[in-house]
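Keep in mind that the numbers below use all heavy atoms, side chains included, and drop hydrogens, waters and symmetry copies.
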Amino acid sequence: MPTEGREVRLVKRPVGEPTPTDFSLVATEVPDPGPGQVLVRNDWFSVDPYMRGRMNDVKSYVPPFALDAPMDGAAVGTVVASNAPEVPEGTVVRHGLGWREYAVLDASGADAVDTSLAPAQAYLGALGMTGLTAYAGLTEIAPVREGDVVFVSGAAGAVGSVAARIARHHGASRVIGSAGGPEKARRLTEEFGYDAAVDYKAGRLEEDLKEAAPKGIDVYFDNVGGDHLRAALAQMRLRGRVAMCGAISQYNATEPVPGPDNLVLAIGKRLNLRGFIVTDHMDLGREYAGLAARWLSDGTLPHEETVVEGIDNAVDAFIGMLKGANTGKMLIRLASD
């Protein structure tokens, strides 16, 4: 039994871009699991854009992180002690107590994962909430129909890197992605299944999107907001659909960010702009898991990862992710005992 483990705590609420001094890495005693509980050695945990909002002391769909307490988030790990017969030692589980090396939790909060189907960390990405987010957005929020032209921003990120596969499955005739830099843009078309890529860092977002979709777009999956939403609105076809998943371009803003100045286009084009949170669509989980497992098996589901080693580098990985340092899912790998 381990006697000590490390955890990352938020010690100061960031103003603008987070800095390492907003966090602390603390060694703490690892308790024994109580009745109905398990002790998990975390092997992987996820750092995600939505966590930036939880660092602000404002009401949102997820409670803010408490100061001077361990942060949390998705993780997978191995049960090393169990007081729950249904989750024996050695089981690999997914749970919500990341940002720490060890976690004690109720067995009801530990979901066993099948590592014969995919590596454990895939359940934090393409086979987990990341993939389900893309699936919900492109099936229920802005449903893709046969022949649609689809545009995805943040297409080299965790959600965007699987979105093309989902859009194609539902009949999209053309899928366009945006990413930052020529290397990421190249990978969109060569590895992630996109027909065309727009490098927004080239400074020609609207012109390049128009060139990639000269007849317009039907569905826009928005991970970025800001100038990307503006560009998409300009290219939307009549009765187009927009799934508003994230707005990473403004997460570090210290002043209110104005909306796109062409939002009036939504009226004349009769657009549907709908925000969503993946946890409202957990009923799709089984359906998506079946499809994702098949796609993973036949090699058509990208599950790109950017891996950072060690909990001591987790904060830098999170800050880097907000700046676009990752391709696919940003993951922290913890050393096993």
Side-chain angles (χ1 to χ4, degrees), residues 5-29 31 42 45-75 95-106 109 124 128-130 133 136-137 153-154 157-159 222-229 243-260 273-282 308 311-326 329-332:
R6 294 176 294 171
E7 60 189 27
V8 179
R9 298 180 180 181
L10 184 71
V11 296
K12 185 173 62 175
R13 302 207 179 274
V15 177
E17 183 179 312
T19 67
T21 58
D22 296 324
F23 307 86
S24 66
L25 182 61
V26 178
T28 185
E29 182 180 351
N42 283 338
F45 67 85
S46 173
V47 295
D48 301 289
Y50 84 92
M51 294 174 175
R52 176 61 186 87
R54 295 188 65 194
M55 294 173 186
N56 301 326
D57 190 14
V58 296
K59 185 177 180 180
S60 184
Y61 63 92
V62 184
F65 290 126
L67 290 179
D68 300 309
M71 299 194 298
D72 56 74
H95 61 89
L97 295 181
W99 290 94
R100 66 199 80 186
E101 293 177 314
Y102 291 90
V104 173
L105 63 149
D106 293 342
L124 297 176
M129 294 288 255
T130 295
T133 299
S153 59
V159 174
D222 189 13
N223 289 305
V224 176
D227 58 349
H228 279 73
L229 180 55
M244 304 180 73
C245 177
I248 197 169
S249 65
Q250 62 191 59
Y251 287 166
N252 287 331
T254 57
E255 299 291 338
V257 178
L273 286 75
R274 183 180 171 190
F276 75 104
I277 303 299
V278 65
T279 50
D280 293 337
H281 302 276
M282 300 305 291
V308 172
I311 194 171
D312 47 332
N313 293 314
V315 169
D316 287 341
F318 173 74
I319 293 172
M321 179 267 306
L322 291 175
K323 298 177 181 179
N326 60 303
K329 187 75 173 179
M330 179 68 91
L331 294 170
I332 311 302

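For the side chain to side chain contact (heavy atoms under 4.5 Å, CB included) test, residues two or more places apart in sequence or in another chain that qualify with P260 are L229, R230, L233, N262. Listed by chain and number, the residues in a side chain to side chain contact (heavy atoms under 4.5 Å, CB included) with V62 are R54 (sequence neighbours excluded). Scanning for side chain to side chain contact (heavy atoms under 4.5 Å, CB included) contacts around A75 gives N42, F45, H95, with sequence neighbours left out. By the side chain to side chain contact (heavy atoms under 4.5 Å, CB included) test, D106 pairs with Q37, S108, sequence neighbours left out. Listed by chain and number, the residues in a salt bridge (Lys or Arg N to Asp or Glu O under 4.0 Å) with R52 amount to none (sequence neighbours excluded).
The structure places OH of Y61 at 7.5 Å from OG1 of T279, a figure rounded to the nearest 0.5 Å.
Nearest heavy atoms, L124 versus L331: CD1-CD2, 3.8 Å. Of all heavy-atom pairs between V11 and T21, the closest is CG2-O, 3.7 Å. Nearest heavy atoms, G73 versus Y50: CA-OH, 4.2 Å. Listed here is the closest heavy atom pair of F276 and G137: CZ-CA, 3.7 Å. Across L97 and D72, no two heavy atoms sit closer than the pair CD2-CB, 4.3 Å. A pairwise comparison of heavy atoms in D57 and P64 identifies OD1-CG, 4.0 Å as the closest pair.
Checking side-chain atoms of R100 against main-chain N and O of M71 turns up a donor-acceptor pair under 3.5 Å. N223 contributes a side-chain N or O that, together with a main-chain N or O of S153, makes up a donor-acceptor pair within less than 3.5 Å. S249 places a side-chain N or O within 3.5 Å of a backbone atom of V224 that can act as its donor or acceptor partner.
A 4.5 Å side-chain heavy-atom check between T28 and Y102 finds every atom pair outside the cut-off.
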task = Could you walk me through whether N313 and I332 pass side chain to side chain contact (heavy atoms under 4.5 Å, CB included), step by step?
result = CA-CA 8 Å; N313 293 314; I332 311 302; over 6 Å; no
request  = Check step by step if side chain to side chain contact (heavy atoms under 4.5 Å, CB included) holds for D316 and V308.
outcome  = CA-CA 9 Å; D316 287 341; V308 172; over 6 Å; no
ask   = Should I311 and W99 be marked as a side chain to side chain contact (heavy atoms under 4.5 Å, CB included) after you check the CA-CA gap, both sets of side-chain angles, and the distance that decides it?
value = CA-CA 7 Å; I311 194 171; W99 290 94; 5.9 Å; no
request  = Mind running salt bridge (Lys or Arg N to Asp or Glu O under 4.0 Å) on K329 and D48 for me, showing each step along the way?
outcome  = CA-CA 8 Å; K329 187 75 173 179; D48 301 289; 2.6 Å; yes
message = side chain to side chain contact (heavy atoms under 4.5 Å, CB included), that's the test. Do Y251 and M55 meet it? Break it down for me.
response = CA-CA 10 Å; Y251 287 166; M55 294 173 186; over 6 Å; no
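Within the structure, salt bridge (Lys or Arg N to Asp or Glu O under 4.0 Å) pairs that include any residue of residues 13-29 comprise K12-D22, E17-K323 (at least two apart or interchain).
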